[in-house]
Amino acid sequence: CSAILSSYLLGERLNLLGKLGCMLSLVGSTVMVIHAPEDEEVTTLDEMLSKLKEPGFLAYAAILLAVCLFLIFYLAPRYGQSNILIYLTICSVIGAFSVSSVKGLGIAIKGFFAGRPVLQHPLTWILVVTLVASITTQINYLNKSLDIFNTSLVFPIYYVLFTTIVITTSIILFKEWVTMTVVDIIGTVCGFLTIILGVFLLHAFKDMDFSLGNLPQVLQSGQQAPVTRDDKNILIEVDNSSIGPEDKPKVFVIYT
């Protein structure tokens, strides 16, 4: 919706391949969500804390944090102004922490209205600090991306990357992959590959003037490739259209 509205209201062009990329991204994300398993029921902060302290999630969180710091301090100053994926990847990776924090704070709010001492639990305040820091970082780099790049490109790519990271985080945090069937695994992989194809179409062909209106001209120009003639019966044949008819040299064509 953001891509379509920015195309019509802000005059930011999104070519035919970009629109196809949006559709593929939407289809891939839908397939991933359909085949993704349901969240494991977590009702208390202690259960959430036990999930967060598991070695698998700690290793995953450490990798995401290292990738995010590498993007912020090394790649962003060098390539952030020219590559749309740098800032959006930072926002998406940080989104894993914000979604986990929101999940934990949702449990804390339910516990607060149920009369549980959630304010005395240290995890509540850790989640609050994590959520504020992650959302602030996301807004900062998303605004930087919007200041530089086309809105109709920023939001679809950000939506795809963010959805992928969130689903992956949910699967690792709640160990949902254990209950996934073969069909669900294949569907999730196919959806992810479809998302990659959609992002590729959005990013790789963003500068092409390609639409339904000029599609016949594009196809026609693609068909007008120079033809190399190779006939064993013709030994010499010269054709130089840049020379006037009166200035053309005489050409002898020898036939067998």
Side-chain angles (χ1 to χ4, degrees), residues 1-8 10 12-37 60 63-64 67-68 70-71 75-76 79-96 99 138 141-142 144-146 148-172 176-177 180-223:
C1 292
S2 299
I4 295 173
L5 290 177
S6 63
S7 178
Y8 286 99
L10 302 179
E12 297 181 343
R13 183 179 56 86
L14 188 65
N15 59 21
L16 180 61
L17 293 177
K19 295 176 182 178
L20 291 176
C22 286
M23 292 300 299
L24 287 175
S25 302
L26 184 60
V27 170
S29 300
T30 304
V31 171
M32 287 191 67
V33 171
I34 289 175
H35 289 280
Y60 174 73
I63 293 174
L64 288 184
V67 170
C68 186
F70 177 74
L71 290 171
L75 292 182
Y79 309 107
Q81 301 291 324
S82 58
N83 194 328
I84 190 174
L85 295 178
I86 301 299
Y87 290 153
L88 296 184
T89 303
I90 295 174
C91 296
S92 302
V93 171
I94 291 295
V99 170
Q138 284 181 269
Y141 285 98
L142 183 60
K144 287 184 177 181
S145 182
L146 290 172
I148 301 172
F149 303 104
N150 197 328
T151 306
S152 59
L153 291 174
V154 169
F155 279 105
I157 296 176
Y158 175 56
Y159 161 76
V160 167
L161 295 177
F162 182 81
T163 303
T164 304
I165 291 293
V166 167
I167 292 178
T168 305
T169 303
S170 179
I171 290 175
I172 294 177
E176 298 167 346
W177 52 271
M180 291 180 67
T181 63
V182 177
V183 176
D184 290 332
I185 293 175
I186 295 176
T188 303
V189 173
C190 291
F192 182 70
L193 294 178
T194 305
I195 287 175
I196 292 177
L197 180 59
V199 174
F200 175 77
L201 289 178
L202 275 168
H203 183 59
F205 303 103
K206 62 181 183 298
D207 297 325
M208 289 183 60
D209 186 13
F210 189 70
S211 62
L212 286 176
N214 63 359
L215 182 59
Q217 291 81 0
V218 173
L219 294 177
Q220 184 177 2
S221 62
Q223 293 173 357

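These numbers come from a predicted model, not from an experiment.
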**Q** Tell me every residue that passes side-chain contact (heavy atoms from CB on, under 4.5 Å) with Leu193, counting only those two or more places apart in sequence or in another chain.
**A**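 Checked Leu193 against side-chain contact (heavy atoms from CB on, under 4.5 Å); matches are Val189, Ile196.
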**Q** For Ile186, which residues count as a side-chain contact (heavy atoms from CB on, under 4.5 Å) partner, sequence neighbours excluded?
**A**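 Only Val182, Cys190 meet the side-chain contact (heavy atoms from CB on, under 4.5 Å) criterion with Ile186.
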**Q** How about Tyr87 and Ile148: do any of their side-chain heavy atoms sit closer than 4.5 Å?
**A** yes
**Q** What residues, two or more places apart in sequence or in another chain, satisfy side chain to side chain donor-acceptor pair (under 3.5 Å) together with Tyr60?
**A** Thr169
**Q** Taking atom CG of Leu64 and atom CD1 of Ile165, what is their separation to the nearest 0.5 Å?
**A**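 It is 6.0 Å, given to the nearest 0.5 Å.
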**Q** Can you list everything that forms a ring-ring contact (aromatic ring centres under 6.0 Å, His included) with Phe70? Sequence neighbours excluded, please.
**A** Tyr74
**Q** Distance check, rounded to the nearest 0.5 Å: Ile90 atom CD1 versus Leu142 atom CG?
**A** 11.5 Å
**Q** Side-chain contact test, heavy atoms from C-beta onward, threshold under 4.5 Å: evaluate it for Cys68 versus Ile94 and give yes or no.
**A** yes
**Q** Which residues pass the ring-ring contact (aromatic ring centres under 6.0 Å, His included) test with Phe162, not counting sequence neighbours?
**A** Tyr158
**Q** Between atom CZ of Phe192 and atom CG of Leu197, what is the distance when rounded to the nearest 0.5 Å?
**A** 12.5 Å
**Q** Side chains of residues 26-33: which donor-acceptor pairs under 3.5 Å do they make with residues two or more places apart or in other chains?
**A**
unit_1: Ser29; atom_1: OG; unit_2: Ser25; atom_2: O; d: 2.9
unit_1: Thr30; atom_1: OG1; unit_2: Leu26; atom_2: O; d: 2.7

**Q** Thr89: what forms a side-chain contact (heavy atoms from CB on, under 4.5 Å) with it, not counting sequence neighbours?
**A** Leu71, Leu85, Val93, Leu161
